[in-house]
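Below: one structure, written as structure tokens.
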Amino acid sequence: MAKNLVIVESPAKAKTIEKILGKDFEVRSCFGHIRDLEKDDMGIDIENNFKPKYVIPEDKEKVVKELKKLAKDTDEVWLATDEDREGEAISWHLCEVLNLDPKTTKRIVFHEITKPAIENAVQHPRKLDMDRVNAQQARRILDRIVGFEISPVLWRKMSMRNSLSAGRVQSVAVRLIVEREREINTFTSVSTFKVEAYFTGKDINGKSISFKADGPGKFKTAEDAEKFLEQCVGAAYTVKDIQVKPGKKSPAAPFTTSTLQQEASRKLGYSVSKTMLLAQKLYESGNITYMRTDSVNLSDTAISEIEKAIKTSFGDKYHQHRKFKNKNESAQEAHEAIRPTYMENTTVDDSDTRKLYELIWKRTIASQMADAELEKTTAKIDISTNHEELSASGEVLKFDGFLKVYMESHDDEDETEEEQEGSLPPLAVKQSLDLKEMKATERFSRPAPRYTEASLVKKLEELGIGRPSTYAPTITTIQKRNYVEKRDKEGIKRDFRILTLKADKITKQTDAENTGAEKSKLFPTDLGMIVTDFLNQYFNNVMDYGFTAKIEGEFDEIASGKKVWNTMISEFYSPFHKDVENTLENAERVKGERPLGTDAASGKPIVARMGRYGPMIQIGSVEDEEKPRFAKLKSTQSIETITMDEAMELFKLPRNLGQFEDSDVIVNIGRFGPYAQHDKKFYSLKKEMDPYTVELDEVAPLIAEKRTAKDERTIKIFEKEKIQILKGPYGPYIKQGLKNYKIPKEKIDNAADLTVEDAKAIIEDVKANPPKKKAPPRKKKAE
DNA sequence: CAGTGAGCGAGCTTCCGCTTGACTT
């Protein structure tokens, strides 16, 4: 039995640290938080100064039991959880559960897993910081209050009430997406004309050249642009002035969770959850440092490793020592930046994680490399027939520096109008140029783009909302709650005008471009918009973009002992709870109704609104003698934007496509999407089949094909008993009615030989001994 | 699996942050 027990949060860390500390120390992990607020009654005794009621969750019982045993048999327990607020609280919970005295138990911290850092930590233990623990408790309790008081309000006040939720983080994330969507919907695009002149001539060495110059600003109308081109008729063009300016580019800081998610999204097209899954693998295999971090800091040992790698691979002049600082105030910096553990490993064997690893490797090494040096040349070109001038510019890379390995990408949001500049040929002042042609092209202003998962993470981080460990889960939650969905949008065709001056003649033409196409973007659903409007109206304090920043300031005061945590919570709770009660009492049930007009055929009103099963169109009302008619909106349509014509289109379903093998084929949209009904059976339509336009000759083969696929899946059918033996992705299984039953291992190889008695026996057996429930009792709802 | 759409009101849902496995019918 070791004399010392060290407890850390992550098991991968435990292994590494144990090696460093040697045989006197046993290092174990507690796998994050070991206690949480009880779920009943919110787990908070509000009357009793918000006293929290903590319990050990079922899935943590095992690890707690083990730690208890180890703690009892050891001389000294060292609490080595992360240095941030949550880590301090985990240490305190460990004291409570393991019966350790918080006043005397040794608390150690390190920000990097290196031998000197860990040895230094062991030599300088401190005591638990209760102020910091209390800041965490305040954070936890406030989040529980917000989530568990507002969510039930939604269940009462929304017309669709299946597992709706609200929270300090998720509700604001949805709000961002809803507001962006509305900005886009109300955006009116204005067009301007941009002039570009194409020149040919000879450079100072007599070599033939051609290059492009930009016109003087933008013209608001086609008339203004044309007037300018007219003023250029017959003009001579001379280089008036050449300016050369040096410039430089610097590398980006090493990765944090948020920037890794952004770059993996832009460069590799990964979703944030995919990035985190792969990063976790790399971490567990010892290839990278911890992947949930908000710090851009690199350990001293890492910095010298990187320096060595740069000097050997690229030479001394490519190295530049840099120390990055966090811009983000909310950062808690419990870990290092995300970097390779060993710089000499330039890649990994695993093909899944290779791209992500190489991205991390490049970003890390680039962060300690020299600036790239540029030379920017601007030539002003005089027009003899008017007072305007043209300007041509080019950029030449003088020294590549860090660009040798890595260049950060940007979202289209950050994109400037100017494209990547090429180089400009060497010109001389007073040199005359030949104009090949001059074009004025119509360009349209664009609204801000919809968020991607990664750009939403970026925005949340800027607002200080959420933590590295929650960015990916938050994005999953708001999609799972059906507030937001990720999808593509097709662009629409738009005409634009071009005026061309060539050989002193002006011609006009129209061209077409595709605009507004988006890939993998976050769109709010009608539900998301309605819930957001409701929350904004009744809980504007919590929905404020600055709310988290404000309370974080107060948590900091608690952490520094300037404020008492219950006081802070109480000050928040009084007005908040009044809002809850006021809403419950006074808010109407929300339907999200939007009148569209009157039905030409019946004279009845048409509304778009939210029904129990989603957005729909309703003609007439329930008070009418005749029942109202209903139609479900398509998944790409929205209550806010649907037009009368589009709404009427929806009433064209169900469609009878005609007969196939003597039965009607009827197409409709059901709970699980578009389907065809034929001979009492149902067949899902393929994605590309539009139920409004699809024809019999497309659907009939689908029915035939799916029928054989179903036959192949069937091993045996006992018609009378309604028992089927089927082949599933995990092997054969038995199905009776809607329920599935697992075939015992010893019989699985001969599933085809099972008799009806065998099957019945298995079913009875499974019923008598139901399979163990999954560890987290969180049931998955049918989507 | 493939209806529905109002109201009544069983019995259910829900938060954020810290960590990984379990394991499919």
Side-chain angles (χ1 to χ4, degrees), chain A residues 8-13 29-37 39 42-43 59-60 63 81-82 84-87 89-90 93 136 139-155 159-171 280 284 290 292 334 465-470 473-474 477 481 548 591 609-618 621-623 627-632 654 666 668-677 681-685 726-735 738-743 766 771-772 774-776 778-779 781-782:
Chain A
V8 297
E9 292 180 42
S10 154
K13 233 187 241 179
S29 109
C30 66
F31 296 85
H33 276 294
I34 52 153
R35 294 205 302 180
D36 192 16
L37 295 172
K39 292 228 168 170
M42 294 213 303
D59 57 331
K60 288 290 164 64
V63 65
T81 54
D82 298 345
D84 54 17
R85 201 162 63 201
E86 298 295 326
I90 291 171
H93 283 296
Q136 191 277 346
R139 197 280 305 154
R140 178 68 193 93
I141 288 166
L142 185 135
D143 281 338
R144 170 55 71 81
I145 290 173
V146 169
F148 275 39
E149 290 213 1
I150 300 185
S151 297
V153 174
L154 293 179
W155 306 340
S159 52
M160 44 292 157
R161 323 157 256 186
N162 40 355
S163 63
L164 295 178
S165 67
R168 173 177 60 82
V169 173
Q170 60 167 281
S171 297
Q280 176 90 29
E284 282 171 12
Y290 198 57
R292 288 185 279 263
I465 299 173
R467 304 277 315 132
S469 69
T470 60
T474 299
T477 301
R481 296 260 173 277
T548 292
K591 285 183 183 166
R609 72 174 181 90
M610 194 53 121
R612 259 214 291 170
Y613 307 100
M616 62 173 188
I617 305 292
Q618 180 176 343
S621 89
V622 281
E623 283 102 53
K627 268 189 128 185
R629 295 171 64 203
F630 300 104
K632 218 172 153 170
I666 291 158
N668 202 353
I669 299 177
R671 171 132 157 57
F672 305 99
Y675 67 94
Q677 193 176 9
K681 291 194 187 75
F682 297 92
Y683 304 89
S684 291
L685 292 185
L726 301 172
K727 212 183 285 173
Y730 311 108
Y733 66 99
I734 297 175
K735 181 177 183 138
L738 297 179
K739 281 196 175 151
N740 298 325
Y741 301 90
K742 191 176 173 174
I743 300 174
V766 175
K772 269 184 279 172
K774 280 186 193 171
R778 192 175 293 178
K779 265 185 246 157
K781 273 256 165 187

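Any value given below was found using the heavy atoms of this structure, including those in side chains, with hydrogens, waters and symmetry copies removed. Naming: A, B, ... by sequence-line order, numbering from 1 per chain. If you're wondering where the values come from, they're calculated on a predicted model, not measured in any experiment.
- Closest to the side chain of A:Val169, from the set B:dT19, B:dC16, B:dA2, is B:dC16.
- Atom OH of A:Tyr675 and atom C1' of B:dC1 are 10 Å apart (whole Å).
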- Pairs under 3.5 Å (Watson-Crick or G-U), crossing ones as [ ], inter-strand ones as |: DNA chain B comes out as .........................
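- For the pair A:Glu149 and A:Val153, the minimum side-chain heavy-atom distance is 4.5 Å or more.
- What separates CZ of A:Phe630 from C1' of B:dA2 is a distance of 19 Å, to the nearest Å.
- We find that A:Asp36 and A:Arg140 are joined by a salt bridge, their nearest charged nitrogen and carboxylate oxygen being less than 4.0 Å apart.
- Note on A:Ser684: a base of the nucleic acid sits closer than 4.0 angstrom, heavy atoms only.
- Following rounding to the nearest Å, A:Arg481 (CZ) and B:dT13 (P) show an atom-to-atom distance of 11 Å.
- Side-chain atoms of A:Ser159 and A:Arg612 include no donor-acceptor pair closer than 3.5 Å.
- OP1 or OP2 of B:dG5 has not a single side-chain nitrogen or oxygen of A:Gln618 nearer than 4.0 Å.
- For A:Glu86, whose side chain is taken as the heavy atoms from C-beta onward, the closest listed nucleotide among B:dT4, B:dC18, B:dT13 is B:dC18.
- Checking B:dG7, B:dC16, B:dA2 against the side-chain heavy atoms of A:Phe682 singles out B:dA2 as nearest.
- Between the side chains of A:Ser165 and A:Gln170, at least one donor N or O sits under 3.5 Å from an acceptor N or O.
- Under 4.0 angstrom from either OP1 or OP2 of B:dG5 there lies no side-chain N or O belonging to A:Arg629.
- Aromatic stacking is not marked for A:Phe31 over B:dT20, as the cut-offs of 5.5 Å for the centres and 30° for the planes do not both hold.
- For A:Pro674, the side chain to side chain contact (heavy atoms under 4.5 Å, CB included) criterion is met by A:Ile669, A:Leu685, A:Pro691, not counting sequence neighbours.
- The shortest distance between the side-chain N/O atoms of A:Gln136 and the OP1/OP2 oxygens of B:dG17 is not below 4.0 Å.
- Distance CG (A:Asp143) to P (B:dC16): 6 Å, rounded to an integer number of Å.
- The side chain of A:Glu284 has B:dT20 as its nearest neighbour among B:dC18, B:dC16, B:dT20.
- We find the CD1-NE2 distance between A:Ile90 and A:His33 to be 4.5 Å, quoted to the nearest 0.5 Å.
- Nucleic acid contact class of A:Gln677 (heavy atoms, under 4.0 Å, all strands): none.
- Here A:Arg144 does not reach the OP1 or OP2 of B:dG17: none of its side-chain N or O atoms lies under 4.0 Å away.
- Taking atom NE2 on A:His33 and atom P on B:dC16, their separation rounds to 14 Å, with Å as the unit.
- The pair A:Lys13-A:Asp82 meets the salt-bridge criterion, since a charged nitrogen lies less than 4.0 angstrom from a carboxylate oxygen.
- The side chain of A:Ser163 sits closest to B:dT13 out of B:dG17, B:dT19, B:dT13.
- Between B:dC18 and A:Thr470, no contact under 4.0 Å exists linking OP1 or OP2 to a side-chain N or O.
- The aromatic ring of A:Phe148 is not stacked on the base of B:dC15, since the criterion of ring centres less than 5.5 Å apart with planes inclined by under 30° is not met.
- Applying the 4.0 Å criterion to OP1 and OP2 of B:dT20, one finds that A:Arg292 has a side-chain N or O inside that range.
- Every residue meeting the side chain to side chain contact (heavy atoms under 4.5 Å, CB included) condition with A:Pro628, not counting sequence neighbours, appears here in chain and number order: A:Gln618, A:Val622, A:Phe630.
- Contacts of A:Gln280 with the nucleic acid, taken as non-hydrogen atoms under 4.0 Å apart, involve only primed sugar atoms and P, OP1 or OP2.
- With hydrogens and angles ignored, a donor-acceptor pair under 3.5 angstrom links the side chain of A:Arg140 to the base of B:dC15.
- Dashed line: the shortest gap from a side-chain N or O of A:Ser469 to OP1 or OP2 of B:dC18 is under 4.0 Å.
- Not one side-chain nitrogen or oxygen of A:Tyr613 sits closer than 4.0 Å to the OP1 or OP2 atom of B:dG3.
- Using a 4.0 Å heavy-atom criterion, one finds that A:Gly167 contacts the sugar-phosphate atoms exclusively.
- Within the nucleic acid shown, A:Ala89 has no heavy atom closer than 4.0 Å to any nucleic acid atom.
- When all heavy atoms of A:Phe31 and A:Pro11 are compared, the closest pair comes out as CE2-CG, 3.6 Å.
- Listed pair A:Arg467 / B:dC15 fails the phosphate criterion, with no side-chain N or O lying under 4.0 Å from OP1 or OP2.
- Between A:Ser151 and B:dT13 there is no side-chain N or O to OP1 or OP2 distance below 4.0 Å.
- Between the OH atom of A:Tyr290 and the C1' atom of B:dT19 there is a distance of 6 Å, given to the nearest Å.
- Here CZ of A:Phe148 is found 11.0 Å from CG of A:Asp143. Values are rounded to the nearest 0.5 Å.
- Residue-level contact check: A:Pro152 touches the bases, meaning some heavy atom is under 4.0 Å from a base atom.
- The nearest whole Å value for the distance from the CZ atom in A:Arg139 to the P atom in B:dC16 is 9 Å.
- A straight line from CG of A:Leu142 to C1' of B:dC16 spans 10 Å, rounded to a whole angstrom.
- Distances shorter than 4.0 Å separate none of the side-chain N or O atoms of A:Arg85 from OP1 or OP2 on B:dG17.
- A residue-by-residue look at A:Arg35 and A:Gly614 shows that A:Gly614 has its nearest nucleotide of DNA chain B further toward the 5' end.
- The side chain of A:Lys60 sits closest to B:dT19 out of B:dG7, B:dT19, B:dT14.
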